[in-house]
Amino acid sequence: MTSTWTPAEAAVRTGLSLDTLRYYEREGLIGPVARTTGGHRSYSKDDLFWIGLIGCLRDAGLGIADLREFTVLLREGGSGDRITFLSGHRAELSGRVERLQTAIAVLDEKIAHYTRDAAHG
């Protein structure tokens with residue numbers, strides 16, 4: 001069983017492009033990624049887990065600056081700072097979910113209305 005992956009394998013496993021992996025490393029969001037004796041990146045299971053977490057946080061709406069801040073909190077800050085950071089972003093995300101649910105309800109109402117009109121007209 002492989003315990004490390006090449007950049008191409010890591011890209012496939014994470015669903016990210018090689019450019020994105022390199023960008024995340026340059027931005028300090030992942031890594032430092034280990035290198036082989038030949039100087040090639042070698043991604044570990046922990047690297048892939050962290051990349052997955054970064055992807056999840058990106059899906060939650062965190063930008064690169066937010067991710068940098070979170071990475072610094074993980075490396076230097078206490079757990080209280082991490083909790084505050086994540087709780088704030090969770091509250092923002094919950095607000096977005098509520099607004100999206102309202103928008104979906106309006107769309108459903110309009111679809112039903114126009115469906116009734118089409119059936120009678």
Side-chain angles (χ1 to χ4, degrees):
M1 181 159 157
T2 303
S3 59
T4 61
W5 293 269
T6 66
E9 292 166 336
V12 168
R13 289 174 94 54
T14 62
L16 299 174
S17 70
L18 290 170
D19 287 338
T20 300
L21 291 175
R22 285 189 292 266
Y23 174 70
Y24 283 179
E25 188 177 0
R26 272 194 318 275
E27 291 297 317
L29 302 179
I30 62 173
V33 175
R35 302 281 181 146
T36 66
T37 54
H40 300 283
R41 288 175 178 84
S42 179
Y43 292 86
S44 69
K45 184 177 180 180
D46 288 342
D47 291 329
L48 296 186
F49 173 81
W50 182 249
I51 292 165
L53 179 60
I54 293 293
C56 180
L57 294 173
R58 291 282 290 155
D59 289 345
L62 277 73
I64 297 299
D66 295 323
L67 294 170
R68 271 194 228 109
E69 181 181 348
F70 183 62
T71 301
V72 167
L73 288 173
L74 285 177
R75 291 179 181 152
E76 299 171 2
S79 62
D81 294 337
R82 295 174 203 156
I83 293 167
T84 300
F85 177 87
L86 293 172
S87 295
H89 284 285
R90 187 191 186 289
E92 289 176 28
L93 189 58
S94 291
R96 273 195 301 177
V97 167
E98 289 177 23
R99 290 188 299 277
L100 287 171
Q101 287 172 332
T102 299
I104 288 170
V106 169
L107 290 173
D108 287 344
E109 181 183 309
K110 291 301 175 190
I111 290 167
H113 173 79
Y114 293 127
T115 300
R116 285 190 302 273
D117 282 355
H120 295 101

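In this structure, Trp50 contributes its side chain and Leu29 its backbone to a donor-acceptor pair below 3.5 Å. The closest donor-acceptor contact from the side chain of Arg96 to the backbone of Ala60 lies under 3.5 Å. Remark: the backbone N or O of Tyr24 is not paired with any side-chain donor or acceptor of Glu27 at under 3.5 angstrom. Without hydrogens or angle criteria, Arg82 side chain to Leu73 main chain gives a donor-acceptor distance under 3.5 Å. No donor-acceptor pair under 3.5 Å is formed between the side chain of Thr20 and the backbone N or O of Leu16. Formation of a donor-acceptor pair under 3.5 Å by the His120 side chain with backbone atoms of Arg116 is found in this model.
A donor-acceptor pair shorter than 3.5 Å can be found between the side chains of Ser94 and Arg90.
In terms of heavy-atom proximity, Ser17 sits nearest to Ala11 at C-CB, 4.4 Å. The two residues Leu18 and Ala8 make their nearest non-hydrogen contact at CD2-N, 3.7 Å. Summarising the geometry of Tyr43 relative to Pro7, their closest heavy-atom pair is CE1-CA, 3.6 Å, with the distance given to 0.1 Å. Nearest heavy atom pair, residue Ser42 against residue Thr4, reads OG-CB, 3.2 Å. The nearest pair of heavy atoms linking Thr71 to Gly28 is CG2-O, 3.4 Å.
By the 4.5 Å heavy-atom criterion applied to side chains, Phe85 and His89 are counted as neighbours. Residues Asp47 and Trp5 fail the side-chain proximity criterion, which asks for heavy atoms closer than 4.5 Å. In this structure the side chain of Arg35 reaches within 4.5 angstrom of the side chain of Arg41, judged on heavy atoms. Counting heavy atoms from C-beta outward, His113 and Glu109 have side chains that stay 4.5 Å or more apart.
How far CZ of Arg99 is from CD1 of Ile104: 13.0 Å, rounded to the nearest 0.5 Å. Taking CG of Leu21 as the start and CZ of Arg26 as the end, the distance is 11.0 Å to the nearest 0.5 Å.
Under the 4.5 Å side-chain heavy-atom criterion for grouping Ile, Leu, Val, Met, Phe, Trp and Tyr, Ile54 is connected to Leu74 within one hydrophobic cluster. Hydrophobic clustering, with ILVMFWY side chains joined whenever heavy atoms are under 4.5 angstrom apart, keeps Leu86 apart from Val72. When hydrophobic clusters are built by joining Ile, Leu, Val, Met, Phe, Trp and Tyr residues whose side-chain heavy atoms come closer than 4.5 Å, directly or via intermediates, Leu57 is not grouped with Leu93.
Residue Ile30 forms a side-chain contact (heavy atoms from CB on, under 4.5 Å) with just one option from Leu48, Leu67, Ile51, and that option is Ile51.
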